[in-house]
Number of protein chains: 2
Amino acid sequence: MEKKCEKHSREFRQQLRHKGLKATKGRLGILNIFAREAKPLSIKQLQNRIGPSGPDTATLYRNAESLTAEGLLVKVNLGGKNSSYELAGRAHHHHLICKNCRKISDVTISIRPALNLQALKSAKDFAAVTGHSLEFFGFCKKCQN
Amino acid sequence: MEKKCEKHSREFRQQLRHKGLKATKGRLGILNIFAREAKPLSIKQLQNRIGPSGPDTATLYRNAESLTAEGLLVKVNLGGKNSSYELAGRAHHHHLICKNCRKISDVTISIRPALNLQALKSAKDFAAVTGHSLEFFGFCKKCQN
DNA sequence: ATCTAAATGCGAATTATTTGCAAATATATT
DNA sequence: AATATATTTGCAAATAATTCGCATTTAGAT
């Protein structure tokens with residue numbers, strides 16, 4: 001497990017350098033957290049995982065932004081009042097959120113490629129559809145009542 | 001146009017009463033704004049439309065919440081850092097947002113009914129999928145460059 | 001080892017949203 | 001129409017979420 005972390009770190013270090021971002025301790029820490037937990041995390045959650053020795057809140061925000069801009073993270077839109085992020089590079093997927101306990105499961109949608117096309121056809125004043133945000137809401141088995 | 005507004009107001013008044021909410025001047029004003037402008041509006045945008053004589057900010061937030069809870073408004077998730085709302089009761093639709101100028105167009109997706117089902121099948125630890133949020137991003141014709 | 005642009009910490013500033021409470025008011029009741 | 005009462009509102013202040021400015025530090029190039 002120590003090894004796995006280091007393997008990740010090495011990869012992350014390369015990716016960061018490749019994108020022109022410095023491979024700081026803080027950034028590697030952030031990326032490792034996301035690698036360990038394949039779920040969207042808010043800045044606050046990220047901060048809790050990293051602990052008080054980690055980067056300052058402002059730095060976390062700045063890094064979430066720069067890492068997202070460079071495509072190492074993706075911003076996820078879970079409907080709460082704060083943004084969440086997760087590691088990019090995983091297969092394209094969506095989320096299903098329990099409206100009661102906020103548990104999140106990954107979801108894959110086979111008909112997904114057709115969506116952007118349909119959207120573009122449906123809005124005549126648009127020239128391109130570059131992406132979408134699709135999140136599902138419901139109840140997990142524990143919370144069905 | 002005066003008449004249309006008043007017709008709306010009468011309907012809204014009934015709906016509010018039916019839901020057990022008082023038909024206050026503020027609420028009718030809010031609903032009329034949303035009726036006039038069939039686009040998602042943030043609290044701040046709503047406030048600008050209503051002007052300084054309208055309800056207090058706190059009241060706008062409270063009403064957005066209560067009207068959403070009772071199903072007269074729907075909360076929309078456009079990825080910004082603040083929530084938007086629009087009038088419920090219109091045909092189910094999604095939005096396409098221009099990443100440059102933030103223009104919003106309505107979008108309808110024919111394969112939509114299949115989505116929730118696919119999501120449920122895809123997440124084995126969930127008992128039900130009750131809804132989803134689907135928004136598209138791209139560039140409008142004016143902003144394609 | 002040195003240099004430099006990029007990144008960080010810290011505190012303060014914004015922005016977004018919520019809360020407590022007294023005053024106002026929409027409706028049901030008389 | 002006047003009254004009673006539970007809801008709603010305004011206001012001010014609290015909290016949460018995010019951003020900014022700037023002096024200091026540091027990763028990576030030389």
Side-chain angles (χ1 to χ4, degrees), chain A residues 9-33 40-70 72-73 75-85 102, chain B residues 9-33 40-70 72-73 75-85 102:
Chain A
S9 284
R10 234 174 291 133
E11 286 175 19
F12 289 144
R13 203 178 280 276
Q14 286 183 358
Q15 293 183 54
L16 286 168
R17 202 172 310 167
H18 184 254
K19 296 293 188 174
L21 295 176
K22 289 188 178 177
T24 63
K25 207 171 155 183
R27 281 178 180 153
L28 292 172
I30 291 170
L31 290 169
N32 276 318
I33 297 283
L41 298 175
S42 67
I43 297 293
K44 171 126 15 130
Q45 291 174 318
L46 177 58
Q47 193 159 42
N48 290 339
R49 305 282 191 292
I50 296 187
S53 66
D56 183 74
T57 309
T59 299
L60 292 180
Y61 276 100
R62 284 185 286 226
N63 278 332
E65 169 134 358
S66 59
L67 295 174
T68 300
E70 294 303 336
L72 301 198
L73 295 181
K75 197 174 207 167
V76 183
N77 218 304
L78 301 181
K81 65 205 83 184
N82 45 14
S83 306
S84 294
Y85 300 83
R102 293 277 128 190
Chain B
S9 284
R10 233 175 292 133
E11 285 174 19
F12 289 144
R13 205 177 278 276
Q14 286 183 358
Q15 294 183 54
L16 287 168
R17 203 172 307 167
H18 185 254
K19 296 293 189 176
L21 295 176
K22 289 187 177 179
T24 63
K25 206 171 158 182
R27 281 178 181 153
L28 292 171
I30 291 170
L31 290 169
N32 276 318
I33 297 282
L41 298 175
S42 67
I43 297 293
K44 169 122 18 124
Q45 291 174 317
L46 178 59
Q47 193 159 41
N48 290 339
R49 306 283 190 292
I50 294 187
S53 65
D56 182 76
T57 309
T59 299
L60 292 180
Y61 275 101
R62 284 185 286 226
N63 278 333
E65 169 133 0
S66 59
L67 294 173
T68 300
E70 293 303 336
L72 300 198
L73 296 181
K75 198 175 207 165
V76 183
N77 219 302
L78 302 181
K81 64 205 85 182
N82 46 14
S83 306
S84 294
Y85 300 83
R102 291 278 127 190

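Protein chains get the first letters and strands the later ones, always in sequence-line order, with residue 1 at the start of each. If you're wondering where the values come from, they're calculated on a predicted model, not measured in any experiment.
- Summarising the geometry, atom OG1 belonging to B/Thr59 is positioned 9.5 Å from atom CZ belonging to B/Arg27; distances are rounded to the nearest 0.5 Å.
- Atom CG of A/Leu78 and atom OG of A/Ser84 lie 4.5 Å apart (nearest 0.5 Å).
- Residues A/Asn63 and A/Leu73 fail the side-chain proximity criterion, which asks for heavy atoms closer than 4.5 Å.
- Of the residues in residues 15-31 of chain B, B/Leu21, B/Lys22, B/Thr24, B/Arg27 come within less than 4.0 Å of DNA chain D through at least one heavy atom, sorted by number.
- In the 5' to 3' direction, nucleotides of DNA chain D lying under 4.0 Å from heavy atoms of chain A begin and end at D/dA17 to D/dG28.
- Counting only residues at least two apart or in different chains, salt bridge (Lys or Arg N to Asp or Glu O under 4.0 Å) contacts with residues 40-64 of chain B comprise B/Glu37-B/Arg49.
- In this structure, NZ of B/Lys44 is placed 7 Å from C1' of C/dT15, rounded to the nearest angstrom.
- With the end axes of the helix from C/dA1-D/dT30 to C/dT30-D/dA1 each set by five pairs, the angle from one to the other reads 40° at 10° resolution.
- We find the CD-NE2 distance between B/Glu70 and B/His18 to be 10.5 Å, quoted to the nearest 0.5 Å.
- A distance of 10.5 Å separates CD in B/Gln15 from CG in B/Leu28, rounded to the nearest 0.5 Å.
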Audit row: B/Leu16, B/Thr24, side chain to side chain contact (heavy atoms under 4.5 Å, CB included) steps and yes/no: CA-CA 9 Å; B/Leu16 287 168; B/Thr24 63; over 6 Å; no
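- Between B/Tyr85 and B/Leu41, every side-chain heavy-atom pair lies at or beyond the 4.5 Å cut-off.
- Interatomic distance, B/Ser53 OG to B/Lys25 NZ, rounded to the nearest 0.5 Å: 8.0 Å.
- Counting any heavy atom pair closer than 4.0 Å across all strands shown, B/Ser83 reaches sugar-phosphate atoms only and no base atom.
- The side-chain contact (heavy atoms from CB on, under 4.5 Å) check on A/Lys81 picks up nothing, with sequence neighbours excluded.
- Residues from residues 50-63 of chain A with heavy atoms under 4.0 angstrom of DNA chain D, sorted by number: A/Ala58, A/Tyr61, A/Arg62.
- Atom CD of A/Glu65 and atom C1' of C/dA6 are 15 Å apart (whole Å).
- There is a side-chain donor-acceptor pair under 3.5 Å between A/Ser9 and A/Asn32.
- Within the 4.5 Å cutoff, the side chain of A/Asn82 has no heavy atoms near those of the A/Ile43 side chain.
- Going from atom CG of B/Leu60 over to atom OG of B/Ser42 covers 10.5 Å, rounded to the nearest 0.5 Å.
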